[in-house]
Structures are given as structure tokens and as C-alpha cells.
Number of protein chains: 2
Amino acid sequence: MNTDAEGPHYHHGDLRNALLAAAEQLLVEQGVAGLSLRAVAKQAGVSHAAPYRHFRDKAALLRALAQSGFERLAAVILAATETVSHSPEQKLLEAGVAYVRLAVDQPEISQLMFGGGIKPQGDMAYRQVARAAFDALVEIIQEGVRTGAFRDRDPQELALVAWTAMHGMAMLMTAHLLDTDSTGAAGVDEQVRSVARNVIYGISK
Amino acid sequence: MNTDAEGPHYHHGDLRNALLAAAEQLLVEQGVAGLSLRAVAKQAGVSHAAPYRHFRDKAALLRALAQSGFERLAAVILAATETVSHSPEQKLLEAGVAYVRLAVDQPEISQLMFGGGIKPQGDMAYRQVARAAFDALVEIIQEGVRTGAFRDRDPQELALVAWTAMHGMAMLMTAHLLDTDSTGAAGVDEQVRSVARNVIYGISK
DNA sequence: ACCTGAACACCGTTCAAGT
DNA sequence: ACCTGAACACCGTTCAAGT
């Protein structure tokens with residue numbers, strides 16, 4: 001909860017999280033290129049060698065940052081998923097909008113997560129989180145198949161179509177390859193809904 | 001055509017292209033993190049300051065590299081598109097497979113193109129190339145709408161669904177977030193075909 | 001145990017100087 | 001015009017030394 005990272009109040013109990021918070025701030029402010037380990041250390045009020053007590057190297061810190069990004073993404077998708085009153089179609093639509101919205105809102109973290117700056121590691125914890133999010137998607141599809149709304153095909157196969165379309169949308173938007181200039185902030189959601197509706201139409205009976 | 005970049009045969013006529021070739025080689029071998037301007041210059045046999053005669057800064061060189069990647073991608077898609085004997089459905093399928101295959105075959109360049117390491121510039125030449133590839137996609141869809149194979153909807157809207165799904169596929173695969181281990185090299189194509197077939201089904205009447 | 005400060009081998013970029 | 005070599009301010013990483 002302590003948000004002031006300015007004073008030189010070093011060697012407190014939780015330098016690890018302080019470093020992560022500083023790194024995320026610098027990432028958002030300056031992009032992944034401007035994120036140096038030395039700048040993170042300075043921002044956290046410690047010497048440039050201190051981070052090595054908590055992270056093996058810079059890549060480990062970036063991986064931890066990406067990990068928290070994946071957890072946030074999974075949480076947002078699951079939240080959209082667990083709205084009981086919604087139909088499977090509505091759940092898919094909301095999950096898709098939430099997915100793309102989060103990616104567009106924090107493009108630097110998305111690029112860190114998906115841009116290849118991070119190499120898959122032995123633990124691959126973030127792959128498990130991605131898997132959990134995907135499984136939630138599969139469950140929605142299964143529900144739709146049961147109620148007869150969706151085509152009676154392998155739910156994994158149908159879920160993959162929905163996931164790839166939403167992910168592609170998110171990546172194209174963060175890479176500025178989709179004309180969002182004509183639409184603006186609210187237009188992003190409308191573009192996502194258009195694609196999502198077509199995907200849902202495609203997997204419906 | 002001159003492929004040996006070892007001897008110190010500097011200040012030839014075309015250092016610019018020699019630098020681009022050296023950069024691409026280093027990019028493929030060492031990834032985007034290992035691509036330093038000094039290493040590129042050494043590889044090309046010139047001093048570390050020489051590249052600045054041909055590129056304003058490192059970002060300009062990376063942009064030129066991404067640009068050639070976009071041109072290759074557009075060429076591959078157009079080639080798949082212009083197979084006259086194919087139906088619109090077949091053209092879409094082949095274009096999608098070609099798109100993802102190229103991205104998976106050269107993940108480092110794909111990450112450079114789409115990973116956010118490149119900021120959109122004043123000229124934005126690569127956006128025009130991306131636009132050309134997208135227009136080719138729209139034309140296939142229009143053909144399918146004319147022949148009555150596809151739903152009578154805005155072709156741009158339908159094309160966006162196809163594009164986002166294929167792009168998402170390519171990005172998830174290069175980020176190692178899709179289980180390609182169980183399938184292998186040939187399995188990539190099969191996974192792409194599965195998604196592409198579902199997308200085509202979704203936009204068909 | 002945890003952090004510091006110096007040190008090393010690298011960077012990107014600039015600039016006077018050479019041909 | 002085109003390239004070099006020195007210089008500057010930065011990096012990531014290591015390590016002896018401090019508390």
C-alpha cells in the first residue's frame with residue numbers, strides 16, 4: 001500500500017516487491033527499451049547491485065513482471081466469465097472485450113508478455129496461468145454446446161478460434177496496425193465487439 | 001549476392017544493404033536482445049560509427065529490417081491469394097497457412113515487426129504494406145460474397161475476423177503459448193488449418 | 001543476510017579528424 | 001562523401017568489502 005518510492009528508505013523488508021513496483025512504473029513511463037536494472041534500483045532507492053539479491057538477472061525481473069501481467073489478464077477474463085446471469089454468448093463477448101481492453105490499456109506490459117522479450121523458462125508459471133484462462137474459455141463453450149447454442153464440435157477447437165481472434169486483435173492494436181484513429185477510445189470496444197460477434201456467430205448453430 | 005561478410009572489404013558501394021544483411025543474420029542468430037549496432041558494424045567490417053552515415057540511429061535500422069519483413073509477409077500472402085484455380089475458401093486457407101508459417105519460421109523478425117520494439121514513424125511505410133496485404137484479403141472475401149459462398153456482410157468486417165485469428169495464431173505460436181510440442185513442425189500447419197476452417201465456416205452461408 | 005562501491009566488458013551516440 | 005578513433009554517458013554483471 002506504500003506508494004511513495006522516492007525517499008532513500010532502503011533495505012526494508014520487501015525490496016523484491018518494491019523493485020517490481022518501480023520496474024512497472026518505469027516500464028509504463030518509458031517503455032521496455034527504457035527499463036534498465038540500474039534505473040529500477042535507483043527508483044527503489046538502493047544501489048545498482050542490490051537487485052541481484054532478489055533476482056538472478058534482469059531477465060528474471062522481467063519474467064516476474066510478465067507473470068503478474070498474466071495473472072491480471074486471467075483475473076479479468078475469469079471475472080467476465082463468472083457473471084452468472086449472462087448467456088454463453090454474452091460471457092464470450094465480455095471476456096473478449098476485457099482481454100483486448102486490458103492489453104490496449106497497458107501496451108508495454110502486453111508487449112513484455114507476448115513480444116518475445118521473455119524466453120520460456122523451466123518453471124513456465126505463466127503458461128499455467130494462460131492455460132487456466134483458456135480453460136475458462138473452454139468451459140463457456142461447453143456450456144453453450146450443452147444448451148444447444150453452439151455447434152457440437154470439440155470445445156477446445158472452438159475456444160482456440162475465439163482466443164486467437166481476440167489475441168490477434170489485442171496485438172494488432174498495441175502494434176498500431178489497426179486504424180483506431182477514426183474511432184478513438186470507445187471505438188476500440190466497438191471494433192472488438194464486431195469481431196467477437198462474428199466469431200460467436202461462426203461457432204453458433 | 002555476395003554472402004561472405006567476413007573479410008575487411010569496407011567502404012564498398014552498398015554498405016547500407018550490407019548492414020541490413022548483417023543485422024538480419026545477427027537477429028536470427030542471437031535474437032533482438034543480442035542485436036547491437038556495434039556488432040552489426042563489426043559483422044559488416046566497418047567501424048562502429050559508420051552505420052550512422054546510412055541510418056539516423058539504431059531504431060532506423062530496426063525499422064528498415066521490419067519493413068523488409070512486412071514486404072516478405074505481404075508477398076507470401078499475395079502469392080497464396082493469386083492462385084487462380086483456387087476457390088475463395090482455399091485461397092483464405094492457403095493465405096492463412098502461409099502467414100503463420102512465415103511468422104513461425106522467422107520468430108525474431110516477427111517479434112521485431114509486431115512486438116512493439118518499433119515505434120510507428122512519420123512515413124509508416126510498413127503500415128501501407130500491411131494495408132496492401134489486408135486489401136488482398138478483402139478482395140478474396142468479396143469474391144466469395146459475389147459467388148454466394150460467404151455471408152453478405154461488409155467484407156472488411158469479415159476480413160478482420162480472418163486476419164485477427166491468423167495473426168493471433170502466429171503471435172501465440174512465436175510466444176510459445178500454444179502447445180506445439182505434442183504436434184511438432186507439421187502439426188503447426190494442421191493447427192492453423194483447424195482454426196482457419198472454423199473461421200471460414202463462420203463467414204460462410 | 002543484505003547491501004555497497006569499484007571494476008569489467010559492453011552499449012548508443014557524437015564529433016573532430018583523416019582520405 | 002564516407003569512414004575512423006577517441007570520447008561520453010550509459011548499460012548488465014561480478015565481487016570483495018562492509019554492517
Side-chain angles (χ1 to χ4, degrees), chain A residues 2 5-27 29-66 108 112 115-119 121, chain B residues 2 5-27 29-66 108 112 115-119 121:
Chain A
N2 192 355
E6 300 167 34
H9 51 113
Y10 19 60
H11 55 67
H12 39 51
D14 200 5
L15 179 54
R16 197 192 128 96
N17 277 320
L19 289 168
L20 284 173
E24 177 155 358
Q25 185 186 333
L26 289 173
L27 179 64
E29 282 174 3
Q30 322 216 20
V32 67
L35 202 170
S36 79
L37 210 47
R38 292 174 100 108
V40 170
K42 178 182 280 185
Q43 176 84 6
V46 292
S47 83
H48 61 262
Y52 288 89
R53 297 290 129 196
H54 301 275
F55 300 97
R56 193 213 305 261
D57 52 20
K58 187 185 180 182
L61 188 149
L62 293 182
R63 251 180 277 126
L65 222 49
E108 298 87 3
L112 185 67
I118 257 58
K119 288 261 172 287
Q121 189 72 354
Chain B
N2 192 354
E6 300 167 35
H9 50 116
Y10 20 58
H11 54 68
H12 40 51
D14 199 7
L15 179 56
R16 198 191 128 94
N17 277 320
L19 288 168
L20 283 173
E24 178 156 356
Q25 184 186 333
L26 289 173
L27 179 65
E29 283 175 0
Q30 322 215 22
V32 67
L35 202 171
S36 78
L37 210 48
R38 292 175 99 108
V40 169
K42 179 181 280 185
Q43 177 84 6
V46 292
S47 84
H48 61 262
Y52 288 89
R53 296 291 128 196
H54 301 275
F55 299 99
R56 193 213 305 261
D57 51 20
K58 186 184 180 183
L61 189 149
L62 293 182
R63 252 181 277 125
L65 223 50
E108 298 87 4
L112 184 67
I118 258 57
K119 289 260 172 287
Q121 190 71 357

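Just so we're on the same page: letters track the sequence lines, and every chain starts at 1.
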Side-chain touch B:Leu35/B:Leu62, heavy atoms, less than 4.5 angstrom: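 Yes - at least one pair of side-chain heavy atoms lies under 4.5 Å apart.
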I need the minimum non-hydrogen distance between [X] and [Y], along with the two atoms involved.
X: B:Asp57; Y: B:Tyr52; answer: CA-CE2, 4.2 Å
X: B:Val40; Y: B:Ala22; answer: O-CB, 3.9 Å
X: B:Leu65; Y: B:Leu20; answer: CD1-O, 3.6 Å
X: A:Ala41; Y: A:Leu19; answer: CA-CD2, 4.3 Å
X: B:Arg16; Y: B:Ala64; answer: NH2-CB, 4.2 Å
X: A:Leu15; Y: A:Ala50; answer: CD2-CB, 4.3 Å

Per-nucleotide protein contact string for nucleotides 6-13 of chain D, where B marks a base within reach and S marks sugar-phosphate only (heavy atoms under 4.0 Å, - for neither): BB---BBB
Stem segments of DNA chain C by first residue number [Watson-Crick or G-U, under 3.5 Å, at least 3]: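 Looking at DNA chain C, the stems formed by three or more consecutive pairs are C:4-8 with D:12-16, C:12-16 with D:4-8.
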Atom-pair distance (CG on B:Asp14; C1' on D:dC2), nearest Å: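 In whole Å, D:dC2 C1' and B:Asp14 CG are 14 Å from each other.
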A:Ser36 side, atom OG; A:His48 side, atom NE2 - distance, nearest 0.5 Å: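 So the OG of A:Ser36 and the NE2 of A:His48 are separated by 11.0 Å.
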